[in-house]
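Keep in mind that what you see is a predicted model, and the values were worked out from it rather than measured. Values below: every heavy atom of this structure, side chains too, minus hydrogens, waters and symmetry copies. Counting begins at 1 with the first residue of the sequence. Ligands are counted one by one from 1 in listed order, and the atoms in each one are counted from 1 as well.
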Amino acid sequence: MTNIAIIGDEKTGRTSLASKLGKKGTDSDITLFDDDRHERKYVYVDAKSYPKSIKSIMAALNLADMALLCVTPNGMTPHTGECIIALDLLGMKHGVIVITKSDTSYPMEIDAFSQKLRKMIVGTVLEKWDIQVINTNKDAPNAFEGLEELKNKIHDLADIIEPEQKTKDNLPPRVVIDHFFNVTGIGIVVLGKVLQGTIHTHDKIGLWPVDKKVDIRSIQTHDIDVKSAATGARVGLALKGLLERELDRGYLLSNDEIVATEFEINCTLSKFAKGGIELEDVVHMFVGLQSEPVRVKKIIVGGAEKEKVGPGESCILKLLSSKKIAYNKDDQFLFAGLEDNQRFTAVGKPV
Ligand code: GDP
Ligand code: MG
């Protein structure tokens, strides 16, 4: 199964495109669209509440194996730039730049815009992405132009992603939870994605950062009961042994996680993190789908303690959170300041 984030500035046709690609399902600050009509299965995650909420785009990207970045022929906006920085910081290898609303411009203008875009993404992870021009306006003379080509490009990327997932099927299981609710007669149901490994019904598995064992009573993918689910699968799990109030977005089902409220992260700041990061700043930390404000307690640059670290620089940040966060040593930690126009400031891994 390939999970695809649909991101971009507001009114770039993200939801219109998502609803052409799949069937609408779970809806919160992200909306899931399911496409199980083919042998190959796709789940699209529309970062619906972005740009207002960066949690929305972080959730979509952290659930995704690839991304579609929507831009209109009217040009780049500051939020398009912010999306590119987020993709680059997270190192999103696979994706397509989708120039939407092609009926609102002219082929020559769109060509010129594509070339401008190509120049802007040089040196970022998007450099190798294809560009696809589409429209989703059924009343346009060129209605649905580019949609089949886009689907083919997604399919080609799934050809690379699915074998990558298979290599992780035998790793220890790890599932990230994005939604959860109480279903009368069933109990707690969680929705999420198998990040690695394979889960089976009747498995006993840890819930983190709560640190307790739960039973997997049943597993569904695409609304069908299954006995097991492997890497990349989007799943609904009925769980036994926990209460709804013990859950939160981003919690993990796994047998081994680190749980902490203090962190030491080897960070690199974005070149576009204008304000840098200062001692005692409160920054927003994203680890998978968990997010929490944290206070900067120490900044170490080249072995020496500093008051401040600037754009493009590397450092070790010591951070303090008021809530427990579960992670492992390979997880990416992403940092954002909530006031700036370009909010994403740094990325790193535990020391
Ligand atoms: P989102 O905010 O990125 O999810 O954008 P929407 O999908 O909600 O689209 C915003 C507006 O643009 C809506 O009024 C859509 O009907 C319109 N729209 C979306 N795609 C196209 C398109 O290809 N052509 C035209 N002309 N309008 C479009
Ligand atoms: Mg929308």
Suppose we measure from atom 18 (N) of ligand 1 to each protein heavy atom; which comes out shortest, and what is that distance? Lys101 CE, 3.6 Å
Answer yes or no for atom 14 (O) of ligand 1: protein heavy atom present at a distance under 4.0 Å? no
Atoms in ligand 1 with a heavy atom of Asp103 nearer than 4.0 Å: 22 (C), 23 (O), 24 (N), 25 (C), 26 (N)
May I ask you to check whether Asn135 and Asn142 show a side-chain donor-acceptor distance below 3.5 Å? yes
Enumerated ligand 1 atoms positioned under 4.0 Å from heavy atoms of Thr12: 1 (P), 3 (O), 5 (O)
The protein heavy atom nearest to atom 4 (O) of ligand 1 is Thr15 OG1, 2.8 Å
Please walk me through it: do Asp215 and Lys204 pass salt bridge (Lys or Arg N to Asp or Glu O under 4.0 Å)? CA-CA 5 Å; Asp215 281 317; Lys204 273 197 192 316; 2.9 Å; yes
Applying a heavy-atom cut-off of 4.0 Å, say which part of Ile134 lies close to ligand 1: side chain, backbone, both or neither. neither
Atoms of ligand 1 close to Thr136 [distance to a heavy atom under 4.0 angstrom, numbered from 1]: 19 (C), 20 (N), 21 (C), 22 (C), 23 (O)
Less than 6.0 angstrom separating the ring centers of Phe286 and His284, yes or no? yes
Salt bridge flag under 4.0 Å for residues Arg118 and Glu127: no
Strictly less than 4.0 Å: does any protein heavy-atom distance to atom 21 (C) of ligand 1 fall in that range? yes
Closest heavy-atom contact between Asp29 and Ser53? OD2-OG, 4.4 Å
Which of these passes side-chain hydrogen bond (donor to acceptor under 3.5 Å, both in side chains) with Asp34: His222, Arg234, Lys23? His222
Quick test: of every protein heavy atom, which one is nearest to atom 16 (O) of ligand 1, and how far off is it to 0.1 Å? Ser16 OG, 4.5 Å
Taking N, O or S atoms only and a limit of 2.8 Å, check whether Thr15 reaches the Mg ion (ligand 2). yes
Of Lys20, Glu10, Arg14, Glu145, which has the heavy atom at the shortest distance from atom 3 (O) of ligand 1? Arg14
Provide the number and element of each atom of ligand 1 under 4.0 Å from a heavy atom of Asn135. 23 (O)
Atoms in ligand 1 flagged as close to Thr104, the criterion being non-hydrogen separation under 4.0 Å: 26 (N)
Distance-minimising heavy-atom pair for Val287 and Ala326: CG1-O, 4.4 Å
Ring centre gap for Tyr42 and Phe33 strictly below 6.0 Å: no
Taking all heavy atoms of Arg14 and all of Asp9, pick out the closest pair and write down the distance. NE-O, 3.4 Å
Quick check: does Asp46 get an N/O under 3.5 Å from an N/O on ligand 1? no
Taking distance alone, with N or O pairs closer than 3.5 Å, would you say Gly13 contacts ligand 1? yes
Determine, step by step, whether Arg40 and Glu162 satisfy the salt bridge (Lys or Arg N to Asp or Glu O under 4.0 Å) criterion, reporting the C-alpha distance in whole Å, the side-chain angles of both residues, the deciding distance to 0.1 Å, and the verdict. CA-CA 9 Å; Arg40 185 155 277 158; Glu162 290 196 359; 3.3 Å; yes
